[in-house]
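The structure appears below as structure tokens.
Source: prediction; values computed, not measured. To find a chain, count down the sequence lines: A is the first, B the second, and so on, and within it residues start at 1.
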Amino acid sequence: DAGVIQSPRHEVTEMGQEVTLRCKPISGHNSLFWYRQTMMRGLELLIYFNNNVPIDDSGMPEDRFSAKMPNASFSTLKIQPSEPRDSAVYFCASSSPINEQFFGPGTRLTVL
Amino acid sequence: AQKITQTQPGMFVQEKEAVTLDCTYDTSDPSYGLFWYKQPSSGEMIFLIYQGSYDQQNATEGRYSLNFQKARKSANLVISASQLGDSAMYFCAMREGQGGGFKTIFGAGTRLFVKA
């Protein structure tokens with residue numbers, strides 16, 4: 001199994017630009033999680049999906065953030081417009097009903 | 001409210017010695033799971049060990065064991081025979097409810113330094 005796949009691995013953009021992060025969960029996993037990690041705030045859960053349905057988006061910081069999961073094998077996290085304080089590592093993780101979360105390699109986002 | 005507490009921002013251990021990383025949690029749900037993850041400097045999150053709230057025995061995985069004290073609500077990670085490659089950030093996490101589709105909350109982490 002290829003594990004959780006995230007793209008891009010690194011993204012550098014300018015303030016005000018739209019950023020789209022992508023995630024492909026492990027095949028057969030029905031839950032998908034988006035996290036943000038910063039030195040100041042640690043690892044924060046932004047949103048998670050069960051069977052492609054958003055269950056809890058209380059961690060999404062602002063309306064500038066949105067996430068979708070159009071099918072079981074793909075999810076996106078979009079930031080529009082991006083700001084320097086959005087700079088962080090964004091992780092996607094997936095799990096099946098009986099096991100732990102498997103994390104992707106993360107996307108390191110830098111907003112200038 | 002903070003539900004996962006890791007009180008040790010940093011820990012040092014001599015190579016080949018054992019080390020305990022502390023984790024306390026708070027929940028009113030009788031069904032929950034506790035996890036430990038390792039994050040080396042390369043940044044990936046690596047699952048280490050899992051303990052279910054109904055498990056009678058402490059979980060073990062190779063050199064990792066989880067000292068689960070339910071009444072104290074603690075789930076400390078014990079690493080035996082530390083190796084240089086164990087130097088990393090370690091996160092304790094809790095999932096309330098059974099199954100993988102529940103919210104998981106992470107602690108602030110403990111950075112472990114293994115000295116040669």
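In this structure, A:Thr38 has no side chain to side chain donor-acceptor pair (under 3.5 Å) partners at least two apart in sequence or on a different chain.
The CZ atom of B:Phe106 sits 12.5 Å away from the CD atom of A:Glu44 when rounded to the nearest 0.5 Å. Atom-to-atom distance recorded for A:Leu43:CG and B:Thr104:OG1 is 10.5 Å, nearest 0.5 angstrom.
By the 4.5 Å heavy-atom criterion applied to side chains, A:Phe102 and B:Ile46 are not counted as neighbours. Side chains of A:Ile55 and B:Lys103 form no contact here, defined as non-hydrogen atoms less than 4.5 Å apart. Taking 4.5 Å as the limit, every side-chain heavy atom of B:Met45 sits out of range of all side-chain heavy atoms of A:Tyr35. Side-chain contact between A:Glu100 and B:Trp36: absent, with no pair of heavy atoms (C-beta onward) separated by less than 4.5 Å.
Summarising the local packing, CZ of A:Arg41 is surrounded by 12 or fewer heavy atoms from other residues, nucleotides or ligands at distances under 6.0 Å. Within 6.0 Å of the CD atom in A:Glu14, the count of heavy atoms belonging to other residues, nucleotides or ligands does not exceed 12. Atom CZ of A:Arg64 has more than 12 neighbouring heavy atoms from other residues, nucleotides or ligands inside a 6.0 Å radius. Counted within 6.0 Å of NZ on A:Lys68, heavy atoms from surrounding residues, nucleotides or ligands total 12 or fewer; the atom is thus considered open.
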Exercise. So A:Phe103 and B:Phe47, ring-ring contact (aromatic ring centres under 6.0 Å, His included) or not? Walk me through it.
Worked result: CA-CA 8 Å; A:Phe103 280 75; B:Phe47 165 74; over 10 Å; no
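Of all heavy-atom pairs between A:Phe91 and B:Gln39, the closest is CZ-NE2, 3.5 Å.
Summarising the hydrophobic clusters (Ile, Leu, Val, Met, Phe, Trp, Tyr; side-chain heavy atoms under 4.5 Å, direct or chained), the residues clustered with B:Phe113 are B:Phe12.
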